[in-house]
Amino acid sequence: MIENLNAKNKDFFEHVFQVVKLIPSGRATSYGAIANYLGSSRGARMVGWAMNASHQFPGIPAHRVVNRNGLLSGKMHFPSPDSMQTALEAEGVIILNDQIQDFEKIFWDPSQELKLP
DNA sequence: CTAATGACAAACT
DNA sequence: CAGTTTGCCATTA
């Protein structure tokens, strides 16, 4: 249980959730991209950890977050392993062999789309 | 307090 | 070019 969420940790979580929630339908982003947007280029694992915690937060489309290869690395962590792929396909994302096709096409970079004015 | 793990990524061999 | 290893940051044992 994430009960010891200190303000410092929560901040990271909220940033991740904010970005993930802003991902448009039919698009996907990578852990590294989010981490980079948060300033932690090597914090991709923390993003993944945040995703693991996102299960207790509603409105977190974690199925739109995949690894840099477009592979549904976290599908196994969903309620149903196929839930992630199904959700993405429902949004028009083509998935083959648990991997997003044309990932660079649907890739949604927060640092590029949410770039500061 | 030290060691090991992880929904990753980049560097090295 | 492909496979292996290290690094990052935080959590858990």
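Going from the P atom of C/dT5 to that of B/dT5 covers 15 Å, rounded to whole Å. For C/dT6 and B/dA4, the P atoms lie 13 Å apart once the distance is rounded to whole Å.
Around the CD1 atom of A/Ile94, the shell of radius 6.0 Å holds no more than 12 heavy atoms that belong to other residues, nucleotides or ligands.
Here C/dT11 presents its P atom at 17 Å from NE2 of A/His55, a figure rounded to the nearest Å. Rounded to whole Å, the distance from CZ on A/Phe17 to C1' on B/dA7 is 13 Å. Between A/Asn67 atom CG and B/dA7 atom P the separation is 12 Å, expressed in whole Å. Put simply, CH2 on A/Trp49 is 16 Å from C1' on B/dC8, counting in whole angstrom units. The nearest whole Å value for the distance from the CZ atom in A/Arg45 to the P atom in C/dG7 is 12 Å. In this structure, A/Leu71 places its CG atom 9 Å from P of B/dC8, rounding to the nearest Å. Rounded to whole Å, atom C1' of C/dT11 lies 15 Å from atom NE2 of A/His77. A straight line from CG of A/Asn36 to P of C/dC8 spans 16 Å, rounded to a whole angstrom.
Using the six-membered ring where Trp is involved, A/His55 and A/Phe78 have ring planes that are perpendicular, over 60° apart on the 30 and 60° scheme.
Within the 4.0 angstrom heavy-atom criterion, no nucleotide atom of any strand lies near A/His63. Within 4.0 Å of A/Ala62, counting heavy atoms only, lies at least one base atom of the nucleic acid. When heavy atoms are screened at a 4.0 angstrom cut-off, A/Gly32 is found touching the sugar-phosphate backbone but no base atom.
Phosphate proximity of B/dA10 to A/Arg68: present, with a side-chain N or O under 4.0 Å from OP1 or OP2. One finds no side-chain N or O of A/Ser30 lying less than 4.0 angstrom from the OP1 or OP2 phosphate oxygen of B/dC8.
Tracing side-chain contacts under 4.5 Å through hydrophobic residues (I, L, V, M, F, W, Y), one never reaches A/Met51 starting from A/Val93; they form parts of separate clusters.
Looking only at side-chain heavy atoms (C-beta outward), A/Tyr37 and A/Thr29 stay at 4.5 Å or farther from each other. Within the 4.5 Å cutoff, the side chain of A/Phe107 has no heavy atoms near those of the A/Ile100 side chain.
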